[in-house]
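See structure below.
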Amino acid sequence: MSTAFTHPYIPNTAEATKAQMLTTVEASSVDEFYADVPDRLRLHRALNLPEPLPAEQDLARHVRGILAANRSTDEVLSFLGAGTYNHYVPAVVDEVIRRSEFLTAYAGEPYEDHGRFHALFEYQSLMGELLAMDVVNVPTYDGFQAAATGIAMAGRMTGRARVLQVSDVLPEKQSKVRDFVRARMHVEVVPCQGGLADLDALTAELGDDVAAVWVETPSATGALETRLREIADAAHAVGAVVMVGTDPIGYGVLAPPALAGADIVTGDIQSLGLHQWFGGAHAGFIAVHDDPRFVMELPSRLFGLATTDVPGEYGFGDVAYERTSFALREEGKEWVGTASALWGIAAGVYLALMGPAGMAELGELLLARTRYAQQALAAVDGIRLGDDAVHLREFTVRFADTTAAAVIEALRADGIEPGVAVGDDTLLVCVTEMTSQADIDRLAASLARLSAPASASALKEQHA
Amino acid sequence: MSLPVAPKPSPRRFHQAQWDEPIVFELHCAGERGIAVTPVEPGVREAVGDVVAALPASLRRPAPPHLPEIGQMRVLKHYLRLSQETLGSDLNVDIGQGTCTIKYSPKINDQLIEVPQLRELHPRQSEASVQGALEITWRLEQLMAEISGMHAVTFQSPGGSAGIWTNIAMIRAYHAARGEAEQRDEVITTIFSHPSNAAAAKEAGYKVITVYPDADGYPDLTAMKAALSDRTAAIMVTNPEDTGIYNPAIQQWVDAAHGVGALASYDQANASGILGITRAREAGFDVCQFNLHKTFSAPHGCGGPAAAANAVSEALAPFLPGPRIVREDDGFAVRQPGPLSIGHVAPGFGVVLHVVRAYAWIMALGAEGLRTASEIAVLNNNYLLHEVTRIPGASAPYATGRRRIEQVRYSWQELFEQTGITSEEIGIRMTDFGFHYWTSHHPYVVPQPFTLEPTECYSKAEIDEYVAALAEVARECREEPEVVRSAPHNQTVHHTHHDDLDDPERWAITWRAYRRKYFGETPVDDVVAA
């Protein structure tokens, strides 16, 4: 054991302390504690790692130096969405989630971690109001996992294997869901018409072997499903579960899926008060009605209100703990582990700040800017909208004379990230409250310059 | 003249703040708001008209969501009070949460992730504009490859159990690629491996076989060999196990699995005591995962965000989830998953905040520091083991008398037999002294269990303080049992009735469910929708 190494993160390296502790436990050296690690499994050399930077100032300069190579969306004009969104994060949200107590707490009991249970119960409750549902889980990893779990729940409940996906889904999300349910279920795509579900095609596929009908609204292209009630009625008629994947950002003005017959509603809360963080700050919600058949299939923790020895006092605790893998290992529902609870607290703070007026105004703003951007871009020669559906925050445009890749490359040179290519000639464009009218006008003007016939054909040649 | 020194109470009196804080809905005051939203520009409004009125009826919300209306400062005050009612590990001697490796999360690492060049970065920006994020991820992959001895690493998994899932998903894809998906339908684990190994294997479609310890308390090699067959897809084991015991025959386990064509998956959630000492590669594992939020010091965030490092052999590398980051002559580039890959397991590039934090932690310590951290964690644990087992009524079943690695699963069975007081009751009483204490995962194979893990971060004085509180509670169990039975006495809330939480008629998982069940209120959405 090293004798000289003292690091600020490791208090007991002082020789006298170590010696005292070793004497107490009657060991001659720390090596004795590794008696069970066979010699042939020992490394017998130092790990080959870079020289350390134990001085905090040197470490900070090194890490910040690497990160300085990034150019953030503060420096470029971004129309990027596709699952990660540039929404405004109120300062109070950052203030709360930076608090040491929340940041470093973990698995405390309802007594010494009363505030954690309280805050997460409130998150569940605020989301419940937004979604008009009585049960919301402590967040799972992300919206991908939430959808995968929602579909797996439907499989367990119905004992059926077929899933009918009737909306456009992000390819990465589809990949996750398919692999997750692969052992027991398979996902069949019923292609959309005009960005929305094809009800006739769905009806033709429905039967008593269908576990779930999977609707995404807004879809991967931002289209809002207008006929959810009819989809749900058709699915319920054959005993299938209606699993909706969504982003809750619009529900200040939009009707939540539960009002149109959804059984399980899932999605991501990154939009509700979390920075983009290179796609690294996601959390998934799963909401159901207060029906034990559904509740008992949820794998995640559920914090509920409980009475205490003092009448009128709110206590908190785990609801139906015996569902979980913590209690039952492989006989539990999926598994439960560390996921993304802090982001649930963030979303709770966000919704408490926004209130009904804030969410309604934001919903209207997003609808208005989306429509404005659609109009502005569709007015450019050589550009048309991907479909006629009502969109929230995202929509696609198609180019007649160039490719999406060429457009992206050309606009990046102007300091604009115009969107995500979702096909050779199709671009997914995202606007939020961070994208002003002037920003949208700038995008349209840049696209107009690009679509001048000469430059467009030159670009197409270049990328042929 | 100096002031007389007051005698220090033992154990010290410390606990989180106690506020009489209402539920956020009870703070509602009509007309207040917490934040203003930027308005729709007149030019936009003129161009698009009333977009809400233009919505099809099926899309329009019939009544606003029933969220509370609260001024900003009151919202802030509410959540700061709730934070103060939470005993985070920055304030606590948090060695009572075994299996979770609660170590110091350096504050500088939290500041490093706040730079706009990370916080305001989108995963689909041009590669040229995200070189820093790609580089730091790539660099940590290299560090983790050396720490594990494995061939390739990814941080796509958004949690430790998610990492366990990624392990079994890759194993499943590997067997499928070799045409053995149907034949291999069993996974073997041990009872003291983390429950998520069994649960993830089951979710992936496997029959789970659980091996119990041998007479000496070690994972039973003979029983494991008897369970192996050409139906075995994998062994999935945590080592050191949740008892803190390192399996000395781990290589024989791996060799036996390989002997029947199965793969070996190593859950390294308990690796905090073996960094730089022994690696997955030396024992022959095909895949392993580490928890960046435990072993590599990223904070636990009330239960996440979390992140895992999945490390694989060359044979399993094609099955890794994507996207992958590659180094090229002119910088770093992103590659989408190849044909054998299990695809995407999460959005973006995983939880990059924790990638940066873990990178900073490793760079602060270096090779010598990592090894020292492990050795001190093990020293602390064996010291704690010695002190706890001196308390009458406490014991450390399985491999009794042997040294342990980074944690121990203890038992109060003897104290329970003498006093009738359970481990759970002792845990509640411990909170009165400001300490967290975790019983253990179910099922309770160890009777009246509790699991402690001191890590390298707690000083001898803090360990002594924790032990003093445990000894005091044990004394109370014998001499003043009602004090323990009626705990907590020093908390925000009093003894909580868990029956409410298991009865579908009574459980209340949201405020609206509570108002509906107990006050007969119908939510406004239900009224207008009816």
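Throughout, a chain's letter reflects where its sequence line sits, starting with A, and its residues are numbered from 1.
Counting heavy atoms from C-beta on, the side chains of Pro158(B) and Asp142(A) come closer than 4.5 Å. Using a 4.5 Å cut-off on side-chain heavy atoms (C-beta onward), Asp36(A) and Arg403(B) make no contact. Val37(B) has its side chain within reach of Met354(A): a pair of non-hydrogen atoms, C-beta onward, lies under 4.5 Å apart. Side-chain contact between Glu129(A) and Thr510(B): absent, with no pair of heavy atoms (C-beta onward) separated by less than 4.5 Å. In this structure the side chain of Thr496(B) never reaches within 4.5 angstrom of the side chain of Phe316(A), judged on heavy atoms. Within the 4.5 Å cutoff, side-chain heavy atoms of Glu109(A) are placed close to those of Trp438(B). With contacts defined as side-chain heavy-atom distances shorter than 4.5 Å, the pair His118(A)/His78(B) qualifies. A heavy-atom distance below 4.5 Å is found between the side chains of Leu82(B) and Phe102(A).
Judged by distance alone, with hydrogens and angles left aside, the side-chain atoms of Glu364(A) form no donor-acceptor pair with the main-chain N or O of Val51(B) at under 3.5 Å. A distance-only check finds no donor-acceptor pair linking the side chain of Gln131(B) to the backbone of Ala69(A) [under 3.5 Å]. Side-chain atoms of Arg184(A) come within 3.5 Å of backbone atoms of Glu203(B) as a donor-acceptor pair (strictly under, hydrogens ignored). Side chain of His300(B) to main chain of Thr338(A): no donor-acceptor pair is present (N/O by atom type, distance under 3.5 Å, no hydrogens or angles).
For the pair Ala364(B) and Pro52(A), the tightest heavy-atom approach, listed with the atom from each and the gap, is O-CB, 4.0 Å. In plain terms, the two heavy atoms of Val63(A) and Ala360(B) that are nearest each other are CG2-CB, 4.4 Å. In plain terms, the two heavy atoms of Val24(B) and Ala352(A) that are nearest each other are CG2-CB, 4.1 Å. Taking every heavy atom of both residues into account, Gly276(B) and Leu47(A) meet most closely at CA-CD1, 3.7 Å. Of all heavy-atom pairs spanning Val40(B) and Ala368(A), the tightest one is CG1-CB, 4.1 Å.
Among Glu69(B), Arg81(B), Arg60(B), Arg45(B), the residue with the largest count of heavy-atom pairs under 4.5 Å with chain A is Arg60(B). Most heavy-atom pairs under 4.5 Å with chain A: of the set Gln491(B), His386(B), Glu146(B), this distinction falls to Glu146(B). Among the candidates Gln145(A), Arg64(A), Glu433(A), Glu322(A), the residue making the largest number of heavy-atom pairs closer than 4.5 Å to chain B is Arg64(A). When Leu224(A), Leu351(A), Asp113(A), Ile66(A) are compared by the number of non-hydrogen pairs under 4.5 Å with chain B, Ile66(A) comes out ahead. No other option in Met21(A), Glu32(A), Gln20(A), His282(A) has as many heavy-atom pairs under 4.5 Å with chain B as Met21(A). When the candidates Glu417(A), Arg229(A), Arg371(A) are compared by the number of heavy-atom contacts under 4.5 Å with chain B, Glu417(A) comes out ahead. The residue among Gly337(A), Gly279(A), Ala255(A) with the most heavy atom pairs within less than 4.5 Å of chain B is Ala255(A).
Taking the six-membered ring for Trp and thresholds of 30 and 60 degrees, Phe278(A) and Phe349(B) have nearly parallel ring planes, at less than 30 degrees apart. Tyr106(A) and His293(B) have perpendicular rings, their planes meeting at more than 60° on a 0 to 90° scale where under 30° would count as parallel.
Annotation: the span from His497(B) atom NE2 to Thr307(A) atom OG1 amounts to 5.0 Å, rounded to 0.5 Å. Note that the CG atom of Asp110(B) and the OG1 atom of Thr104(A) stand 9.0 Å from one another [nearest 0.5 Å]. To the nearest 0.5 Å, atom OG1 of residue Thr84(A) and atom CD of residue Gln125(B) are 11.0 Å apart. To the nearest 0.5 angstrom, Glu120(B) atom CD is 5.0 Å from Asp74(A) atom CG. Note that CG of Leu53(A) is 12.5 Å distant from CD1 of Ile362(B), once rounded to the nearest 0.5 Å. Rounding to the nearest 0.5 Å gives a distance of 6.5 Å between NZ of Lys202(B) and CD of Glu330(A).
Heavy atoms of His436(B) lying under 4.5 Å from chain A belong to its backbone as well as its side chain. Proximity to chain A (any heavy atom under 4.5 Å) is restricted, for Ile250(B), to the side chain, taken from C-beta onward. For chain A, the nearby parts of Tyr79(B) are the backbone and the side chain; heavy atoms of each come within less than 4.5 Å. Of the two parts of Leu353(B), only the side chain, counted from C-beta on, holds a non-hydrogen atom closer than 4.5 Å to a non-hydrogen atom of chain A. Of the atoms belonging to Pro62(B), it is side-chain heavy atoms, and not backbone ones, that fall under 4.5 Å from chain A. For Tyr458(B), the part lying near chain A is the backbone, with the side chain staying farther off; criterion is any non-hydrogen pair under 4.5 Å. Heavy atoms of Leu91(B) lying under 4.5 Å from chain A belong exclusively to its side chain. Contacts of Pro68(B) with chain A are made by both backbone and side-chain atoms, with heavy-atom separations under 4.5 Å. Of the atoms belonging to Tyr246(B), heavy atoms from both backbone and side chain fall under 4.5 Å from chain A. Of the two parts of Leu55(B), only the side chain, counted from C-beta on, holds a non-hydrogen atom closer than 4.5 Å to a non-hydrogen atom of chain A. Heavy atoms closer than 4.5 Å to chain A are found in the side chain of Val115(B), but not in its backbone. Contact annotation for Asp90(B): both backbone and side-chain heavy atoms come within less than 4.5 Å of a heavy atom of chain A. The contact between Ile405(B) and chain A is made entirely by side chain atoms (from C-beta outward), counting heavy-atom distances below 4.5 Å. For Ala204(B), the part lying near chain A is the backbone, with the side chain staying farther off; criterion is any non-hydrogen pair under 4.5 Å.
Side chains of Glu313(A) and His494(B): a donor-acceptor N/O pair is present below 3.5 angstrom, by distance only. Under 3.5 Å, the side chains of His122(B) and Gln276(A) contain no donor-acceptor pair of N or O atoms. His62(A) and Tyr359(B) are linked by a side-chain donor-acceptor pair at a separation below 3.5 angstrom, with hydrogens and angles left out of the test.
A salt bridge between Arg33(B) and Glu361(A) is present, with a side-chain N of the basic residue lying under 4.0 Å from a carboxylate O of the acidic one. Under a 4.0 Å N-O distance rule, the pair Arg42(A)/Glu282(B) does not qualify as a salt bridge.
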What verdict does the side chain to side chain contact (heavy atoms under 4.5 Å, CB included) test give for Cys302(B) and Ile345(A), after you've listed the backbone C-alpha separation in whole Å, the side-chain angles of each residue and the deciding distance to 0.1 Å? CA-CA 9 Å; Cys302(B) 288; Ile345(A) 294 176; 3.9 Å; yes
Leu305(A) vs Asp500(B), test: side chain to side chain contact (heavy atoms under 4.5 Å, CB included). Steps then yes/no. CA-CA 8 Å; Leu305(A) 281 179; Asp500(B) 295 336; over 6 Å; no
Intermediate values then yes/no, side chain to side chain contact (heavy atoms under 4.5 Å, CB included), Glu456(B) and Asn12(A): CA-CA 8 Å; Glu456(B) 75 277 8; Asn12(A) 285 345; over 6 Å; no
Under the side chain to side chain contact (heavy atoms under 4.5 Å, CB included) criterion, do Asp290(A) and Trp507(B) qualify, and how do the steps go? CA-CA 9 Å; Asp290(A) 196 355; Trp507(B) 68 38; 2.9 Å; yes
